[in-house]
Amino acid sequence: MTDPHDVVERQLAAYNSHDLDAFVATYAEDVTIRRTDGSLLQGRPALRERYAGQFAEGRCQAEIVGRLTEGDWVVDHEIAHGLADTPVRVLVAYRVRNGLIDRVDFLG
C-alpha cells in the first residue's frame with residue numbers, strides 16, 4: 001500500500017516543477033475536486049485541462065507551511081504563488097485511495 005503522504009508529496013513536486021503528466025498521474029481517473037468557489041472538477045481530463053495553461057506558463061508554485069495526516073487523508077496548509085497578484089493561503093484536503101488521489105477539497 002502506498003503512503004498517502006508520499007502520493008501527495010509526489011503531486012506537489014510535479015506541481016512545482018510544472019510537469020503536467022506526472023501531476024495528473026497522481027490522481028485517480030474519476031477524481032473529484034471541490035474548489036473554494038464550490039465548483040467541481042471531475043476526472044483526469046478536466047484536471048489536465050484546468051492546469052495545462054498555468055503549467056505551460058510556469059507561473060505556479062505551492063509552499064507547504066503545515067501538513068496533517070490521518071488515515072487516507074493529507075491536509076496541507078499551502079501558500080500558492082503566481083496565481084494572483086499576492087500569494088494565496090489555502091487549506092487543501094487530499095484523500096488517497098489505492099495509491100492515487102481520488103478526492104480534493106480546497107478550503108478557505
Side-chain angles (χ1 to χ4, degrees):
M1 184 161 179
T2 305
D3 183 338
H5 175 276
D6 294 341
V7 175
V8 173
E9 193 61 32
R10 279 197 316 272
Q11 178 266 163
L12 175 67
Y15 180 88
N16 283 339
S17 65
H18 311 117
D19 184 337
L20 186 59
D21 290 333
F23 178 74
V24 171
T26 63
Y27 289 87
E29 288 291 336
D30 61 348
V31 63
T32 298
I33 301 169
R34 183 175 309 278
R35 299 174 53 181
T36 55
D37 64 4
S39 64
L40 291 178
L41 286 177
Q42 296 202 256
R44 276 186 176 174
L47 177 72
R48 178 177 293 278
E49 182 179 328
R50 168 68 179 88
Y51 285 91
Q54 70 188 52
F55 277 31
E57 294 172 13
R59 61 181 171 93
C60 54
Q61 290 289 310
E63 173 188 355
I64 305 304
V65 294
R67 176 173 280 170
L68 298 171
T69 60
E70 183 65 42
D72 293 341
W73 289 92
V74 176
V75 179
D76 282 349
H77 182 194
E78 299 182 8
I79 301 175
H81 301 274
L83 303 178
D85 292 338
T86 60
V88 176
R89 299 178 76 88
V90 66
L91 294 176
V92 187
Y94 301 92
R95 185 175 68 186
V96 178
R97 295 212 170 137
N98 300 315
L100 296 170
I101 300 165
D102 75 338
R103 178 177 165 182
V104 180
D105 292 302
F106 284 86
L107 312 167

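The structure presented is a predicted model; accordingly, all values stated were derived computationally and were not measured.
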- request: Tell me whether L12 is reachable from Y51 by hopping between hydrophobic residues (I, L, V, M, F, W, Y) whose side-chain heavy atoms are closer than 4.5 Å.
  value: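 Y51 and L12: separate clusters.
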- request: Give the cluster check for L91 versus V7: same hydrophobic cluster or not, with ILVMFWY residues linked at side-chain heavy-atom distances below 4.5 Å.
  value: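 No.
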Sidechain-backbone polar pair: [X] side chain, [Y] backbone, donor-acceptor under 3.5 Å:
| X | Y | value |
| --- | --- | --- |
| D105 | I33 | no |
| D3 | H5 | yes |
| R34 | F106 | no |
| S17 | A13 | yes |

- request: Kindly indicate, with the supporting measurements, whether the criterion side-chain contact (heavy atoms from CB on, under 4.5 Å) is fulfilled by Q42 and D30.
  value: CA-CA 6 Å; Q42 296 202 256; D30 61 348; over 6 Å; no
Side-chain contact, heavy-atom cut-off 4.5 Å: [X] with [Y]?
| X | Y | result |
| --- | --- | --- |
| V92 | V75 | no |
| L68 | W73 | no |
| C60 | F55 | yes |
| T2 | V96 | no |
| L100 | R44 | yes |
| F23 | Q11 | yes |
| R35 | L40 | no |

task: Give a yes-or-no answer on whether the side chains of Q61 and Y15 include a donor-acceptor pair shorter than 3.5 Å.
output: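 Per modelled atom types, Q61 and Y15 side chains form no pair under 3.5 Å.
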field: Contact summary for H81 and P87, nearest pair of heavy atoms
entry: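 Looking at all heavy atoms of both residues, the shortest contact is ND1-CG, 3.7 Å.
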Heavy-atom pair of closest approach, residues G71 and P4: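 G71 and P4 have their closest heavy atoms at O-CG, 3.5 Å.
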Stepwise salt bridge (charged side-chain N to carboxylate O under 4.0 Å, His left out) check, R67 with E78: CA-CA 9 Å; R67 176 173 280 170; E78 299 182 8; over 6 Å; no
Distance from [X] atom [atom1] to [Y] atom [atom2], nearest 0.5 Å?
| X | Y | atom1 | atom2 | value |
| --- | --- | --- | --- | --- |
| T26 | I101 | OG1 | CD1 | 4.0 Å |
| T36 | L107 | OG1 | CG | 9.0 Å |
| L20 | Q54 | CG | CD | 9.5 Å |
| R89 | I79 | CZ | CD1 | 4.0 Å |

May I ask you to check whether over 12 heavy atoms, not counting those of [X], lie within 6.0 Å of atom [atom1]?
| X | atom1 | answer |
| --- | --- | --- |
| D85 | CG | no |
| E63 | CD | yes |
| E57 | CD | yes |

- request: Go through the steps for D21 and R48 under the test side-chain contact (heavy atoms from CB on, under 4.5 Å), then give the verdict.
  value: CA-CA 8 Å; D21 290 333; R48 178 177 293 278; 3.0 Å; yes
task: Would you mind checking if D72 and R97 are paired as a salt bridge, meaning a charged N to carboxylate O distance below 4.0 Å?
output: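 A salt bridge is present here (some side-chain N lies under 4.0 Å from a carboxylate O).
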